[in-house]
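Notes follow once the structure below has been shown.
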Amino acid sequence: MMNPLIYGLTNSKGGVGKTTIAVHLAAWLAQQKRRVAFIDADPQQSASTWIKELGLPIELYQLAKPEEIFQRVTKLATVAHDIVMDGPAGLSTTTRAIMLKADRVFLPCGPSILDLRALTKAVALLKEAQKARKGKLTGALIPNRLQKRGRLSRDVVKAAERTGLPVLTGITLRQSFADAAGQASVVWKMGILSRAAAFEMESLLEEMTSD
Ligand SMILES: Nc1ncnc2c1ncn2[C@@H]1O[C@H](COP(=O)(O)OP(=O)(O)O)[C@@H](O)[C@H]1O
Ligand SMILES: [Mg+2]
């Protein structure tokens, strides 16, 4: 069997959309009949409740210690099709462990210049991990809470370019994204009022999972 793809959602900041995107990614992959393992590495465990309530066949692990993440991911790598890791806020050894085990790390962030500046340390940690992984780790920024999809102000685009990381199209600020966890659902199952959110999320997930 092929090695699984291992995804990590991290950032130094909380509230940027790590959990929202990680849970949607896991649900989307599980719906494609893939064997998905989800590692909730945030002690707040907000993803865990949501994953359980989704009722999809996603294997859930709550692991906040770096050694546990290393061991579990190494074991899962022989059986899972995909592994999704939802990180805690901050640049702890847990965040570092995620970066050292993932194949693809995504840093969701807000759309303002201050959000971009706040990314500096997370980007530096990611670059360090990329060096240690010798080309086996890719990284990308995911702009979240955009006013218009794909639309960043010129100074924000410049700041994003300075990180040297690719910038995905991102998702806009929408009530449906905020409501999904409370409804124990994902945006493409939330009916007609969430159609625009579903379109955005699915195209983001396609970007995140394509080669
Ligand atoms: N694009 C968005 N539009 C509206 N609300 C959002 C969006 N992305 C995230 N949220 C909400 O913002 C809060 C923080 O998101 P969350 O995914 O928990 O971030 P993190 O895991 O980085 O702390 C949650 O209440 C979530 O529902
Ligand atoms: Mg979270």
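As the structure lists them, so they are numbered: ligands from 1, and atoms in each ligand from 1.
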Does the R133 side chain pair with the main chain of A102, one donor and one acceptor, at a distance under 3.5 Å?
-> yes

Closest approach of any protein heavy atom to atom 18 (O) of ligand 1, naming residue and atom | T19 CB, 3.9 Å

Which atoms from ligand 1 have a heavy atom of T20 less than 4.0 Å away?
-> 9 (C), 15 (O), 16 (P), 17 (O), 26 (C)

When you measure from atom 27 (O) of ligand 1 to every protein heavy atom, which one gives the shortest distance, and what is it?
-> A178 CA, 3.3 Å

Side chain, backbone, both or neither: which part of K18 comes within less than 4.0 Å of ligand 1 when only heavy atoms are counted?
-> both

Write out the residue and atom name of the closest protein heavy atom to atom 23 (O) of ligand 1, then the distance separating them to 0.1 Å.
-> G15 N, 2.6 Å

Which of parallel (below 30°), tilted (30 to 60°) and perpendicular (above 60°) describes F106 and Y7?
-> parallel

Note the single closest protein heavy atom to atom 6 (C) of ligand 1, along with its residue, its atom name and the distance in Å.
-> R145 NH1, 3.8 Å

Can you list the atoms of ligand 1 that are under 4.0 Å from a heavy atom of V16?
-> 19 (O), 20 (P), 22 (O)

closest protein heavy atom to atom 4 (C) of ligand 1 is R174 O, 3.0 Å

Any sub-3.5 Å donor-acceptor pair from D103's side-chain atoms to L137's backbone N or O?
-> no

Could you tell me whether ligand 1 has any atom less than 4.0 Å away from a heavy atom of T172?
-> yes

Using atom types as modelled and distance alone, determine if a side-chain donor or acceptor of S112 lies under 3.5 Å from a backbone N or O of D115.
-> yes

Less than 4.0 Å between a side-chain N and a carboxylate O, is that true for D42 and K18?
-> no

Side-chain donor or acceptor of E207 paired with backbone N/O of T169 under 3.5 Å | yes

Is any heavy atom of the protein nearer than 4.0 Å to atom 13 (C) of ligand 1?
-> yes

Would you check if the Mg ion (ligand 2) lies under 2.8 Å from any N, O or S atom of Q44?
-> no

Any side-chain heavy atom of Y61 sitting closer than 4.5 Å to one from E59?
-> yes

The protein heavy atom nearest to atom 19 (O) of ligand 1 is G17 N, 3.0 Å

Look up atom 25 (O) of ligand 1 and tell me if a protein heavy atom lies less than 4.0 Å from it?
-> no

Check whether any side-chain N or O of T94 sits under 3.5 Å from a backbone N or O of A64 as a donor-acceptor pair, and report yes or no.
-> yes

Close-contact set for ligand 1 against N144 heavy atoms, below 4.0 Å = 1 (N), 2 (C), 7 (C), 8 (N), 9 (C)

Quick one: does Q175 get an N or O within less than 3.5 Å of an N or O on ligand 1?
-> no

Determine whether any heavy atom of A181 lies closer than 4.0 Å to an atom of ligand 1.
-> no

For N144 and V16, indicate whether the former's side chain and the latter's backbone hold a donor-acceptor pair under 3.5 Å.
-> yes

Sub-4.0 Å heavy-atom approach of G14 to ligand 1 = yes

Can you check whether T163's main-chain N or O pairs, donor with acceptor, with K127's side chain at less than 3.5 Å?
-> yes

Should we say atom CD of Q147 is surrounded by more than 12 heavy atoms from elsewhere, each under 6.0 Å from it?
-> no

Backbone or side-chain N or O of L173 under 3.5 Å from ligand 1 N or O | no

